[in-house]
Amino acid sequence: MSPRYEPTEIEPRWQRRWEESGAFAVRDGDPRPKKYVLVMFPYPSGSGLHIGHAAVYSISDVVARYARMRGFQVLHPMGWDAFGLPAEQYAITHGVHPREAVRRNVDNFKAQLRYIGCSYDWSREIDTTDPSYYRWTQWIFLRLLEKGLAYEAEMPVNWCPALGTVLANEEVIDGRSERGGHPVVRVPMRQWMLRITAYADRLLEDLDTVDWPEFVKRMQREWIGRSEGAEVVFRVEGGGSFEVFTTRPDTLFGSTFCVLAPEHALVSRITTADRRAEVEAYVAAAARKSERERLAADEKEKTGVFTGAYAVNPATGGRVPVWVADYVLAGYGTGAIMAVPGHDARDWAFARRFSLPVVEVISGGDVAVAAHEGDGTLVASGFLDGLDVAAAKRRMTEWLEARGAGRRAVRYKLRDWLFSRQRYWGEPIPVLHRADGRTVPVPDAALPVTLPEVARYEPTGTGESPLGGIPEWVETVDPRDGSPARRETNTMPGSAGSSWYWLRYIDPTNTGSFCDREKERAWMPVDVYVGGTEHSVGHLLYARFWQKVLFDLGLVSHKEPFQRLYNQGVVVAKTWRDADGRPHPAADVDTSGPTPRLRADGRPLTVSLERMSKSKKNGIGIDEAVARTSGDAVRLAVLFIGPPDADKEWTDSSLEGPWRFLLRAWRTVVGPEDGAVALTDAPATGTLRKAVHRAVDGVTRDLEAFGFNTAISKLMVLLNELQAAAPLPRDAAETFVRLLAPLAPHIAEEMWARLGHEDLVCTTSWPVADPAALVDDTVTLAVQVNGKVRGDVTVPAAATDAEAVAAAKAVENVRRHLEGKTIVKEIVVAKRLVNLVVR
RNA sequence: GCCGAAGUGGCGGAACCGGCAGACGCACGGGUUUCAAAAACCCGAGCCCCUUCAUCGGGGCGUGGGGGUUCGAGUCCCCCCUUCGGCACCA
């Protein structure tokens, strides 16, 4: 055995030992209480794992290892979310088949997760691109189809000509593609949709039942965007009618015009002959505008045209002009609004611009200056006069319902989920289009519908999936009756496979079901779900939706999949960019002068803190960091740089402290290079014993609260105490090693073994603090005079307030400040301080 | 613009319920070791001032800025500034 700390020898040895002993494999039927610790599974991209990834996986691993030592049987699995655009793009740019790219990337990811000692049950590894997995993704899709939750529709989609494909909303940033920054335009296309809106209310309500950060819940609530109001029917003069949705039916008397979205079906029908040319030009221009241009237009420059038509305000009976304007969105409400310029800022701006009348119907503001959107008393509103806003809303809605002119209504911002992609690398949607025109599901027994081999997996550029170019795959028969049919060529989005994966880990090899019911009941719900905030709405909303659908089908036992959500912060690093915005690696930067410059040609650079990623050339790979120090040091470092839920900056020196701590721990527990440490079997006593129990107590509480940075600092403090002890009591050393085990597992195992143990430290029990050892016999009180510290005094812990005050007054420097003064008040805070108020 | 989170030494950060601000670490300075250096180890330190040969000691100021509550405020209340996230014509 080497006397030196040699992580390159120690770490792989323990990794092997853990795997061979099946230390992290969980068995069904284990009588211990369960804990399901889940970390968001990664896209196995080609760039490998960097320090930012190490932070997430270290957090969930510490949670899992700690729970094991606390006596739980812990399910802590890992898998690969390998379908979707990133994997496909990588494959295209590197000229290899996505399946091959995924395999290589997975191997690389696994190796790197191994370097930092992640304690996964690898026997439960899943891969969303494996047919034995996506068979069940397809199977769940068919259940959605049966329940009417999947449907086809012509939808305006984000078409990216440069990528030759349709993008999801979350893949479009400011009208450009997330990857590559190419322009994106909106065109209608036949798409598969999932009716997530049918679950809007339940997705909203059940947020109250989960233990998630408030800000995530708020984001989801806002995303779902429930608003209550009324639909109101407006009759058009000369025939026809349209409905508007409003949250302010109380202001109906103040509606002086209506606005239709340019896409509204009624526009062309009601436009009068003299206005037709102008209206058509406006509608055409609006269609040409990308989403981005429409947004950029901002509130100040509202545009619109008059259709020439008039509608009847059902409350006043008066004529109101009908306009077309792109500030009204086709996709929300009814695509038409009643404009109330007196009490809506947008309508007010529009009315100003086009000189439309503004009427005050709620007192309390000055509608000549600005819209009054707040509360007040109804005026100029007939039967509503004198009511407040809330009462007027109710009265008006009743009035509309009684006359058949409207009704109470609820609307959501949430849209149905666009569920098809015109790409190769996704789950084929298991549907057949029969020659007779019927669209039918592929029978369950014929699943999975596997991806065919294809020569070109790039997008065709025409908008059709590459699958469309393989007649022998597309042309098939309906297995029910042998009649000819074409396969659906759309594939599912990347978020499909991740919308139920936590269930597959529970029963990953089941060929008869996506997950055994008994096992599901035993393991669900996920107790802690660790991941980044970037999935706060997308993934987490989809996942909850699928869970609820499966719950309604009686297939799972819980309405919510993730009981507790823990969001780790982003790891950022200095990013050097030139004038063109191109990033440069720190190694190429000369920072010796007043302005940082590129070494090669002296170009000036700017620095900013940005999320670590390969593309920004500001990342450091896990393998590189491990090679420089050790896997344990990397784990400690990413946990020590700051609180786990805050954003943290990684710098070159972030590894220093944790690395030295490990060297010091080794020297203290194992011994210096030239010898072994002197251990004694006599138990720790006195201050050392107190220090050990204080550390047990503190580290335990910190780990319970995800306070990894402070837990590590408490271990550093304990180590200082151990270093001073000679000989070192064995029990103190062993307790230290056990406390260290979840955080730095390799070195802890090695030290545990060298302390003479044959078992694994990761399977031993967590130490328990003796409460008696946590109380001190004496306490040091700060002594203040008029709130300023003038000294301190040590008294027995049992001292009374009077004794404490007496002792305080005896302190030399305190006495000086009391001289010639009268004490008017004496404040004693037990074990903390004495404050003497004088005059 | 709206909503949310956060501003603490040169830096990352700590501080349970309002009770000695700066734990722990980095960088820094000094030292040990070394032919020398690296590594490692030990010691020091918020800033300013007084006292002192150096010490020891004492005082003032300090948690983005301004006000307030309190014996006492990083922590509570009001106003303002900055940074970072989210949403952004959702009627």
Side-chain angles (χ1 to χ4, degrees), chain A residues 213-216 218-219 222-223 225-227 229 244-248 251 255 259 261 294-295 297-300 302 325-329 331-340 343-347 349-350 373 411-415 533-534 536-537 569-570 572 609 636-637 640-643 645-661 663-664 667 672-673 698 701 705 707 709-717 719-720 723 780-792 812-813 816-817 824-838:
Chain A
E214 268 313 312
F215 80 96
V216 177
R218 197 179 317 111
M219 278 169 71
E222 283 170 10
W223 190 263
R226 184 182 203 272
S227 16
V244 301
F245 173 70
T246 179
T247 55
R248 296 297 302 275
T251 62
S255 176
V259 186
R294 275 212 205 179
L295 284 176
D298 222 6
E299 284 179 50
K300 290 168 205 134
K302 283 200 166 40
D326 66 2
Y327 84 92
V328 174
L329 308 175
Y332 181 76
T334 60
I337 62 157
M338 57 178 232
V340 185
H343 305 283
D344 182 283
R346 299 153 300 181
D347 298 343
F350 192 79
E373 296 181 322
R411 293 284 174 163
Y412 304 90
K413 281 199 242 179
L414 181 69
R415 312 290 169 84
T533 53
E534 65 275 22
S536 295
V537 281
V570 171
V572 298
L609 285 177
L636 289 177
F640 189 64
I641 45 174
D645 55 353
D647 290 353
K648 304 162 282 269
E649 184 191 351
W650 181 266
T651 67
D652 276 348
S653 57
S654 298
L655 280 165
E656 291 296 338
W659 172 243
R660 281 180 206 156
F661 167 70
L663 293 174
R664 216 147 50 86
R667 205 166 49 242
E673 282 187 33
R701 276 188 308 185
N709 53 335
T710 50
I712 293 167
S713 106
K714 289 183 174 81
L715 286 172
M716 289 171 167
V717 172
L719 181 58
N720 286 338
Q723 264 186 299
T780 301
L781 304 176
V783 183
Q784 299 181 334
V785 177
N786 281 351
K788 291 203 182 297
V789 181
R790 299 300 179 188
D792 51 39
E812 166 62 27
N813 193 42
R816 225 178 18 239
H817 283 89
V824 295
K825 201 167 180 184
E826 295 166 346
I827 293 150
V828 180
V829 180
K831 297 180 175 29
R832 294 277 183 188
L833 58 71
V834 173
N835 188 12
L836 303 171
V837 184
V838 300

Measure CG/A/N835 against P/B/rG18 and give the value in whole Å, please.
18 Å

What contact category does A/R226 fall into here, base, sugar-phosphate, or nothing, at under 4.0 angstrom with non-hydrogen atoms?
nothing

Counting C-beta onward and ignoring hydrogens, is there a side-chain heavy-atom pair between A/I337 and A/Y332 closer than 4.5 Å?
no

Are any of A/K788's side-chain N or O atoms less than 4.0 Å away from OP1 or OP2 of B/rC61?
yes

In whole Å, what separates the C1' atom of B/rG59 from that of B/rU8?
24 Å

Show your working on side chain to side chain contact (heavy atoms under 4.5 Å, CB included) between A/M338 and A/T251 and close with a plain yes or no.
CA-CA 10 Å; A/M338 57 178 232; A/T251 62; 3.7 Å; yes

Are the charged groups of A/E656 and A/R660 less than 4.0 angstrom apart, N to O?
yes

The nucleotide from B/rG72, B/rA91, B/rA14 with an atom nearest the side chain of A/P643 is B/rA14

A/Y327 vs B/rA91: side-chain N/O to OP1/OP2 distance below 4.0 Å
no

Between B/rC61 and B/rG4, how far is it from one P atom to the other, in whole Å?
36 Å

Nearest whole Å is fine: how far is B/rG18 P from A/I827 CD1?
16 Å

Which is true for A/H343 with a 4.0 Å heavy-atom rule: it touches a base, it touches only sugar-phosphate, or it touches nothing?
nothing

Taking Watson-Crick and G-U wobble contacts under 3.5 angstrom, with | marking pairs to another strand and [ ] crossing pairs, the secondary structure of RNA chain B is written (((((((..(((......[....))).(((((.......))))).(((((......)))))..(((((..]....))))))))))))....

Can you tell me, in whole Å, how much space there is between the P of B/rA39 and that of B/rA21?
37 Å

Rounded to whole Å, please give me the gap between CE in A/M219 and P in B/rA5.
13 Å

Find which nucleotide of RNA chain B each of A/L833 and A/R667 is nearest to by heavy atoms, and output the residue with the more 5' nucleotide.
A/L833

Distance between the C1' atoms of B/rC84 and B/rC77, in whole angstroms?
25 Å

Answer whether the closest heavy-atom distance between the side chains of A/N835 and A/K825 falls below 4.5 Å.
no

Rounded to the nearest 0.5 Å, what separation is found between the CD atom of A/Q784 and the CD1 atom of A/I827?
8.5 Å

Between the side chain of A/D647 and the main-chain N/O of A/V570, is any donor-acceptor distance below 3.5 Å?
yes

Touch class at under 4.0 angstrom, heavy-atom based, for A/Q723 against every strand present
sugar-phosphate

Distance check, P atoms only: B/rU83 and B/rC42, in whole angstrom units.
42 Å

Scan nucleotides 21-27 of chain B nucleotide by nucleotide, 5' to 3', and note B when protein non-hydrogen atoms come under 4.0 Å of the base, S if they reach only the sugar-phosphate, - if neither.
--BBSSS

CG on A/L833 to CG on A/D792, rounded to 0.5 Å:
11.0 Å

Rounded to the nearest angstrom, tell me the gap between atom CG in A/L329 and atom P in B/rA91.
10 Å

Between B/rA36 and B/rC20, how far apart are the two C1' atoms, rounded to whole Å?
46 Å

By side-chain contact (heavy atoms from CB on, under 4.5 Å), which residues pair with A/A711, not counting sequence neighbours?
A/V699, A/D702, A/L703

Quickly work out the A/E649 CD to B/rU83 C1' distance and round it to whole Å.
14 Å

Nearest heavy-atom neighbours spanning A/L781 and A/V834
CD1-CG2, 3.9 Å

Does B/rG57 have its OP1 or OP2 closer than 4.0 Å to a side-chain nitrogen or oxygen of A/R790?
no

Counting any heavy atom closer than 4.0 Å, what does A/I641 reach on the DNA or RNA strands: base, sugar-phosphate only, or nothing?
sugar-phosphate

Does A/S536 reach a base, just sugar-phosphate, or nothing at all? Heavy atoms under 4.0 Å.
nothing

Could you tell me how far B/rC56 sits from B/rC47 if I compare only their P atoms? Round to whole Å.
15 Å

Between A/R411 and A/T334, which heavy-atom pair has the shortest distance, and what is it?
NH2-CG2, 3.8 Å

A/E373 side chain near A/D344 side chain, heavy-atom distance below 4.5 Å
yes

Can you tell me, in whole Å, how much space there is between the C1' of B/rA88 and that of B/rC3?
11 Å

Closest-nucleotide mapping onto RNA chain B: is A/E222 or A/G335 further toward the 5' terminus? I mean the 5' end.
A/E222

